[in-house]
Protein chains: 2
Amino acid sequence: MTVTREDGADNSISWQSIRDEMMARIRAQLYAPGELIPNEVDLAAEFGCARATVNRALRDLATSGFLDRRRKAGTRVREAPRRKATLTIPLTHVEVEASGARYAYRLLERKIEAPPPLVREKLRLSGRERLLHVSSLHLADDVPHMFENRWIVLDTVPEIEDVDLSKTSPNVWLVRQAPYTHGTMEFLAEAAGAAAKHLVCAPDDPVLTMLRVTWLDAQPITYARQSFSPSHRMRLEL
Amino acid sequence: MTVTREDGADNSISWQSIRDEMMARIRAQLYAPGELIPNEVDLAAEFGCARATVNRALRDLATSGFLDRRRKAGTRVREAPRRKATLTIPLTHVEVEASGARYAYRLLERKIEAPPPLVREKLRLSGRERLLHVSSLHLADDVPHMFENRWIVLDTVPEIEDVDLSKTSPNVWLVRQAPYTHGTMEFLAEAAGAAAKHLVCAPDDPVLTMLRVTWLDAQPITYARQSFSPSHRMRLEL
DNA sequence: GAGTGGTCTAGACCACTTG
DNA sequence: AAGTGGTCTAGACCACTCT
């Protein structure tokens, strides 16, 4: 029941305000690192709200990595907060257009072949599967922005064999038609090498490369290797 | 009230099972991209549970980027799911030890100075502030793993001036004693340059560099530039 | 104005874990 | 065995936004 004053003003407390107050106490080391904080019932009494409201606030702080919660053991302040950086994976055309540039896409090559050893290993394939191998270039204001080399497992997403990839980039199609359940991503620095001629740079210029493998449950979908033009930076919010 | 069968078995439905069922329907395009899905009251009736349970499930899917929810307008399936990669920011010593190697840390230089122009800009400083400038090397099994160059704003965290940084790395101290409220992180590829002699590689070897700026509300805390040894890869889970 | 999601409450039972 | 967090329910009111 919402508590109401005689004048009719709503008196209930939001879970966000409790989260903020608890966060402030953690920052001020009012609850020291490693220490138990009061349990939900006591905090609810202190804040004058329902236990569920305290629960929502503390669950949020636990998800954010500031608290450690365990049944019976109680809630502790983490010694070293587990901070997370979130990278909202951009669709290349969205990213380019967000920067104010005009986006263009060029299909460079498209063929069906067996996976080379590296790809076989990443996708845990036997080697006999038919893969769609696509390389493409993405441009911002006609300047090369990213070169992509991608292998797509046709057993998992057979429909893509009939898609006109000169108009739709494989990533755009996959995002809409074949959402993955999980995957991994890696960043590394390497010499541009074979990508240099597409990115219009020297073969030994350092470029940022992003590797992605995605899965639909136990089935591999795609392995993508994207190399960005030398000046590119990948930005994350903390 | 928990619904109970005559035989006493608990009949209530978990929010996770509702989330999974709705996710399955989205994948199967049973709810098409861009389309409205039923409202919470109707779904609660369908699943035979309270509206709050449906709310929890749908809120989770919205946070994950699969649904778009707006009051009055209802809940829609996102055309292109806003997928996120999460990088749990590792403490270097934890990361190294997790890989099974022995971690070591060496303080290379420590001095108090005014910020150079680049740092001044990143931290939005006037240029007259006193900054603690620390460079250090982090090793895995005695092999150089990461070279760090860091500036710390003493006006924001004066206590660090008295810390013995030959034993505690600045990052470890900051994480425990001065949690930031927000910040940014950037990845780029560059030639090792001056870091080469510390990383034991050639000056023109490509290395992955991570830039970090963190804030305590409006006050800048630190700017760090970390270059990883050439073979290093940064891995994220999707 | 009205429909939909966002949140709060009070109470209950459950699940996990620790002592 | 018992304490603590995790979750569900039924009901209520509110906030936002679309028409």
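Proteins come first, then strands; the chains are lettered A, B, ... in the order of their sequence lines, and each starts at number 1.
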Quick one: N39(B) CG to dT17(D) C1', roughly how many Å, whole number? 16 Å
Value in whole Å for how far the P atom of dC8(C) lies from CZ of R19(A): 11 Å
Can you confirm whether E121(B) is buried at CD, in the sense that more than 12 heavy atoms of other residues, nucleotides or ligands lie under 6.0 Å from that atom? no
Restricting to salt bridge (Lys or Arg N to Asp or Glu O under 4.0 Å), what partner residues turn up for R19(B), sequence neighbours left out? D60(B)
In whole angstroms, the gap separating P of dT17(C) from CG of L36(A) amounts to 16 Å
Taking only residues two or more places apart in sequence, or in another chain, which ones meet R27(A) in a salt bridge (Lys or Arg N to Asp or Glu O under 4.0 Å)? none
Is it the case that T184(B) and R235(A) place a side-chain donor and acceptor less than 3.5 Å from each other? no
Residues in residues 52-78 of chain A with a heavy atom under 4.0 Å of DNA chain C, by number, are A52(A), T53(A), R56(A), R70(A), R71(A), K72(A), A73(A)
So, under a plain 3.5 Å distance rule, would you say the side chain of R51(A) forms a donor-acceptor pair with the base of dT4(D)? no
Which whole-number value in Å describes the distance from F47(B) CZ to dC8(D) P? 13 Å
Under 4.0 Å between a side-chain N/O of Q16(A) and OP1 or OP2 of dG6(C), yes or no? no
Salt bridge or not for E148(A) and R212(A), using N-O below 4.0 Å? no
Ranking C49(A) and V41(B) by the position along DNA chain C of their nearest nucleotide, the one closer to 5' is V41(B)
Rounded to the nearest angstrom, tell me the gap between atom CD in E40(A) and atom P in dC8(D). 15 Å
Would D68(A) and R78(A) pass as an ion pair if we require N to O under 4.0 Å? yes
